[in-house]
Amino acid sequence: MSKANATFAFWTSYINMVEDVLLLTRATRTGNWELHMSTIRRILPWMFAYDRSKYSLYLSAYYMEMRDLATTHPSVHETLVNGNFAVNDKRNMDFHK
């Protein structure tokens, strides 16, 4: 339907982009390295499609380096796979006190 209806194509692409942002947020909050990497891979085409040249360049380099991390730096890769790539503050964040 995207080819026949421009509005449908717009909203479909918007929903896909929002899904990618939510997946990246989930990956970061849960410390899920595999989800992080797969979401970065999903986001890359959007950077090229919307002509974000610096994001396209640096995100591509980041993805390629992180993808090969298991062979180039196995101990770092293991640390990241164990969820140690994001800060997770488990304190109660009640701002209304």
Side-chain angles (χ1 to χ4, degrees):
M1 286 192 67
S2 293
K3 292 180 182 178
N5 188 329
T7 303
F8 184 84
F10 168 79
W11 285 111
T12 301
S13 67
Y14 177 79
I15 289 169
N16 289 334
M17 286 187 284
V18 168
E19 181 182 26
D20 291 341
V21 169
L22 292 174
L23 284 171
L24 191 59
T25 302
R26 181 178 184 180
T28 303
R29 288 184 178 174
T30 60
N32 186 334
W33 183 249
E34 296 303 321
L35 181 59
H36 173 81
M37 289 302 294
S38 67
T39 306
I40 293 295
R41 178 64 185 97
R42 285 177 52 138
I43 290 173
L44 270 169
W46 293 113
M47 297 302 127
F48 288 97
Y50 287 99
D51 198 26
R52 306 316 251 173
S53 57
K54 294 201 188 239
Y55 284 103
S56 302
L57 175 68
Y58 295 124
L59 198 58
S60 297
Y62 169 78
Y63 177 76
M64 290 177 10
E65 286 183 28
M66 295 301 110
R67 183 193 62 197
D68 295 337
L69 204 57
T71 55
T72 58
H73 298 88
S75 63
V76 174
H77 180 260
E78 183 180 336
T79 301
L80 296 174
V81 168
N82 290 334
N84 297 319
F85 66 94
V87 174
N88 188 357
D89 189 3
K90 295 192 185 287
R91 293 180 292 172
N92 184 6
M93 300 301 285
D94 188 4
F95 295 108
H96 300 291
K97 288 184 177 180

ILVMFWY cluster, Phe10 and Met17 together (side-chain gap under 4.5 Å): no

Least distance between heavy atoms, Phe85 atom then Thr28 atom: CE1-CA, 4.2 Å

Closest heavy-atom pair and its distance - Glu34, Val81: OE2-CG2, 4.3 Å

Euclidean distance, Asn82 CG relative to His77 NE2, rounded to 0.5 Å: 10.0 Å

Within one Ile-Leu-Val-Met-Phe-Trp-Tyr cluster: Ile15 and Trp46, side-chain cutoff 4.5 Å: no

Parallel, tilted or perpendicular: ring planes of Trp11 versus Tyr14, cut at 30 and 60 degrees: perpendicular

Shortest non-hydrogen separation from Leu35 to Thr39 and the atoms involved: O-OG1, 2.7 Å

Single-linkage hydrophobic cluster Leu57~Tyr50, side-chain heavy atoms < 4.5 angstrom: no

Same apolar cluster (I L V M F W Y, side chains within < 4.5 Å links), Leu69/Met37: yes

Rounded distance [0.5 Å steps], OG in Ser13 versus CZ in Phe8: 10.5 Å

Euclidean distance, Glu19 CD relative to Leu22 CG, rounded to 0.5 Å: 8.0 Å

Straight-line distance of Leu59 CG to Met66 CE, nearest 0.5 Å: 11.0 Å

Note, Tyr55 side chain near Ile43 side chain (heavy atom, < 4.5 Å): no

Qualifying side chain to side chain donor-acceptor pair (under 3.5 Å) pairs, either residue in residues 57-70, two or more places apart: His36-Tyr62

CG on Leu24 to CZ on Arg42, rounded to 0.5 Å: 11.0 Å

From Leu80 atom CG to Asn32 atom CG, the distance as rounded to the nearest 0.5 Å: 12.0 Å

